[in-house]
Amino acid sequence: MDNSIQRSLNDKLYDRRKLGALELEKVVRECVAHEDHNKIRQIIDQLCHEFAYAVHQPHARNGGLIGLAAASIALGPEVARYLDDIVPPVLACFADQDARVRYYACESMYNIAKVAKGEILPYFNDVFDALSKLAADSELSVKNGAELLDRLVKDIVAESAATYISVLQSPEQSITDTQSDANSPTYASDAAFPTAFSLPRFIPLLTERIHVINPFTRIFLVSWITLLDSIPDLELVTHLPTFLGGLFKFLSDPNQDVHVTTQQALEGFLAEIKRIARVKRGIEEFRKARPRSRARSDSGSADNTEEGFSIREREDSLDATVTPNDRERDADGSWIPGQDVLVDHSRILEILIPFLDSSGGFLFFDGAVARPAGSFVHTEEEIQLTALRWVDHFFEICPEDLLPFVPRLLSHVLPAIAHEVEMVRQAAVKVNTSLIGLIVGLGDEVGSPPMSRQPTRESTMGERDRPERTSDRRDSQARQSLTKESDSMGRRTPSSIPPAPSTPVPPPSPTPPKSADLDYSATVNALTLQFLNEHEQTRVVALEWLIMLHKKAPRKMLAINDGTFPALLKTLSDPSDQVVTRDLQLLSQISHNSEDDYFTSFMVSLLSLFSTDRRLLETRGNLIIRHLCVNLNPERIYRTLADILEKDEDVEFASIMVQNLNNNLMTAPELADLRKRLRSLDTKDGQTFFVSLFRSWCHNAVATFSLCLLAQAYEQASNLLQIFAELEITVNLLIQVDKLVQLLESPVFTYLRLQLLEPEKHPYLYKCLYGLLMLLPQSSAFAALKNRLNSVSAIGYLHVAPRTTPSTTTYERPTRLKGKTDEIKWVELLDKFKAVQERARRAAQMQYSIRTSTTQSTMSTGGVGATSAILSPSRTSTPAGSATMAAGANAGKTVPARGGLGIGRLAAAGRRARR
């Protein structure tokens with residue numbers, strides 16, 4: 001360059017530098033006219049090294065920037081071969097400390113890009129990186145200059161990124177031939193000439209920059225992502241998994257502009273994924289239906305002539321929209337935009353799952369990030385809600401890809417069902433419903449009816465097709481016609497193509513056939529962990545899931561040997577009634593589908609739980625037993641429990657448990673059929689059932705007596721009363737007798753009260769009831785029973801029961817059918833009762849002696865405190881039980897008849913006697 005031009009470019013005044021640039025532009029134009037490329041390269045080299053790279057001379061750098069811009073303008077179309085020397089020094093000035101240098105660098109690059117146009121695309125990554133940093137610049141002028149440059153680069157990318165090939169990549173002759181042939185444009189499909197813009201080369205840079213925090217840089221990135229996604233031939237959605245996670249984290253930004261732009265970008269990607277899946281599904285269905293339609297049209301049937309014509313007409317209309325080159329690519333039919341786009345649904349789901357949690361998207365923030373008060377909660381819910389909506393749409397897009405993620409989805413979706421925000425809760429419920437529909441639509445186990453799920457699958461298809469028709473209207477006009485055409489061919493209505501009677505066509509499946517199946521073990525583990533969730537609704541839904549899985553695949557669920565069964569037993573102590581009800585339903589379902597060993601193990605575990613958790617027995621014992629009897633065979637339950645309790649060494653617990661079982665047997669509406677069966681012992685099965693219960697009921701004297709009354713074994717009940725005289729009459733025993741008298745006045749024993757009118761048929765009934773009357777103190781129960789007997793006393797006195805001994809009794813029962821033999825060994829049952837009661841007496845004496853020795857040792861060391869404890873002893877000797885406690889409360893309120901001792905006074909007298 002001339003010395004005058006150099007002095008002008010080094011001047012501190014902008015006007016003089018501009019005059020020097022104009023002079024330089026004239027010189028370069030002359031060199032271009034004379035094709036003096038050596039001098040041009042020398043000028044550019046001098047501008048770069050002596051001016052643009054002069055780090056500590058800001059005026060020289062500014063002169064070099066304006067000089068490079070002037071040289072580029074002068075070069076015009078020839079600038080492409082010099083961009084390798086021009087662009088790097090300009091990009092280096094973007095990071096200068098002087099704000100004016102950064103601004104002039106934006107101005108210089110703007111002029112260069114305006115001249116180079118598509119030739120600037122090979123340097124897109126460097127320009128993009130520099131602009132992303134300037135988007136957060138502190139100087140407003142620099143940000144404005146960078147914004148102008150950004151708009152220009154966006155225009156160039158939108159216009160040329162998909163098709164432009166640099167002149168340096170192809171010979172001039174090839175370009176000339178290409179321009180002369182209108183039918184052979186230079187496109188990205190030419191393998192010998194790659195495009196100037198490379199999306200795979202840009203994606204790693206975007207992945208690196210997507211984790212920025214500055215809101216201006218985030219807006220810059222989202223704007224570029226939206227632009228690149230709008231270019232059809234680039235197929236940015238293919239690379240979506242690489243930056244989707246960072247894009248979701250943008251939703252947590254407190255800046256409203258970032259939030260809005262990010263939400264719009266995510267909605268655009270989701271709509272594109274849905275459109276691509278819809279196009280592929282329509283093409284697949286069309287290809288499957290096309291051979292069948294041709295076969296019908298070629299068969300010559302008069303019934304199918306009109307139908308074949310309509311199909312050919314639609315095929316011709318679709319082929320008319322396709323170019324000859326497109327027809328060569330797809331020999332089967334038309335080519336539709338999006339049919340070759342590959343979307344990695346599994347990777348996208350892998351990214352979405354952490355954001356389903358309430359804190360999944362915020363692990364990357366540190367404490368130094370400033371955010372307004374309340375913004376964290378809002379953004380947390382927004383991210384969770386967006387992720388839930390994405391997952392819900394994937395049931396329409398790719399249901400077959402969701403199966404491997406079901407356990408992990410359940411771990412995140414079920415807690416969200418109890419979310420405090422209504423919108424999140426509704427979205428979680430919707431995803432949960434879709435998950436259930438997905439699992440129900442799977443094939444059943446071997447042995448189940450093959451067509452049992454077919455109506456469900458057809459209804460699922462209908463529901464999934466409706467949103468597809470609605471979303472078609474949102475697509476662009478060019479794609480809408482092709483997509484609708486493919487959908488109309490892929491989803492033919494039954495009226496348009498009636499199935500042939502000889503070869504019925506199965507209904508289309510919503511998912512392509514795949515060998516993937518649900519991981520039942522991982523799913524059960526994920527659901528079992530939800531039992532620990534603090535929210536009731538989450539625990540209820542987890543149990544409903546297990547119930548559904550057991551109904552669908554009982555063999556697979558029973559084959560899973562894990563800690564599910566102990567967890568289900570522990571859940572019986574849950575404070576929620578709904579959870580306990582679902583838990584009992586699931587336990588009943590497992591027991592129903594399992595073998596006898598499993599059922600027995602369940603009963604043993606249930607009794608063990610009751611034995612260790614007496615509070616559960618008091619509060620939920622009756623509820624649990626009644627629910628099990630509703631869902632399972634009640635006779636099977638009572639037989640199994642009776643066999644276990646008969647061998648139980650803990651006689652105190654066995655007595656309490658028998659009392660609870662007997663109370664349910666006498667009063668529960670669910671056991672009405674069982675009571676009817678016990679009233680008549682005419683069948684062998686009924687007699688066996690009675691004997692089984694009697695041997696176990698021996699742990700509780702009053703329960704055994706009530707069982708004999710229920711079975712109308714009045715002679716056996718009369719003999720039991722004779723044994724009662726040998727037992728210790730405790731307060732607990734009297735309370736149970738009091739309750740039995742009240743029960744005799746209930747509708748359960750209506751038949752017994754009517755039998756009092758026939759003393760000749762039931763002679764021992766009077767003896768039983770009068771014996772019961774003699775056991776009671778003169779309380780309200782005594783008065784009620786006495787009034788009942790007095791009302792039929794005139795009849796009863798006429799027929800005195802014969803005196804017989806247990807050794808000579810025949811146990812003839814008038815209700816027994818003629819010809820039936822009584823196989824019940826009544827004497828052995830009485831001996832069994834005596835033995836069990838004697839064992840209970842010895843256990844009580846042993847417990848009393850241990851308690852007495854402990855009390856004496858306490859007195860020798862405890863002083864006054866121990867003496868006061870003895871003077872007011874506790875009632876721990878009385879077995880605890882819900883029925884006992886309730887009856888004790890009622891007994892405390894009874895009014896003695898005619899001044900006699902009531903149960904409350906008798907208890908006080910007993911305490912004084914013990915002292």
| field | Flag for S576-E536: side-chain donor and acceptor within less than 3.5 Å | value | yes
| query | Do NZ/NE/NH1/NH2 and the carboxylate oxygens of E828 and R695 come within less than 4.0 Å? | reply |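 So E828 does not pair with R695 through a salt bridge.
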| field | Pair K834 + E838: basic N to acidic O under 4.0 Å | value | no
Could you give the distance from [atom1] ([X]) to [atom2] ([Y]), rounded to the nearest 0.5 Å?
X: T640; Y: R636; atom1: OG1; atom2: CZ; result: 6.5 Å
X: L674; Y: L665; atom1: CG; atom2: CG; result: 6.0 Å
X: L527; Y: L586; atom1: CG; atom2: CG; result: 10.0 Å
X: N662; Y: L693; atom1: CG; atom2: CG; result: 9.0 Å

| task | Could you go through the salt bridge (charged side-chain N to carboxylate O under 4.0 Å, His left out) check for R839 and D648 one step at a time? | result | CA-CA 12 Å; R839 189 175 63 175; D648 199 335; over 6 Å; no
Please tabulate, for the side chains in residues 747-754, all donor-acceptor contacts under 3.5 angstrom to protein atoms that are two or more places apart in sequence or on a different chain.
residue, atom, partner, partner atom, Å
T750, OG1, P747, O, 2.8
T750, OG1, R753, NH2, 3.3
Y751, OH, L709, O, 3.1
Y751, OH, L710, O, 3.1
R753, NH1, L744, O, 2.6
R753, NH1, S746, O, 2.8

| request: For the pair W697 and Y638, name the ring-plane relationship: parallel under 30°, tilted 30 to 60°, perpendicular over 60°. | output: tilted
| Under 30°, 30 to 60°, or over 60°: which ring-plane class applies to F705 and F724, parallel, tilted or perpendicular? | tilted
Given side chains that start at C-beta, do those of [X] and [Y] come closer than 4.5 Å, heavy atoms only?
X: M657; Y: I625; result: yes
X: K761; Y: Q755; result: no
X: Y764; Y: N719; result: no

| Should D577 and R620 be marked as a salt bridge (charged side-chain N to carboxylate O under 4.0 Å, His left out) after you check the CA-CA gap, both sets of side-chain angles, and the distance that decides it? | CA-CA 9 Å; D577 289 341; R620 295 276 177 79; 3.2 Å; yes
| ring-ring contact (aromatic ring centres under 6.0 Å, His included), paired with W826, selected from F694, F690, F833, Y714 | F690
| said: Is it the case that atom CZ in R841 sees more than 12 heavy atoms from other parts of the structure closer than 6.0 Å? | reply: yes
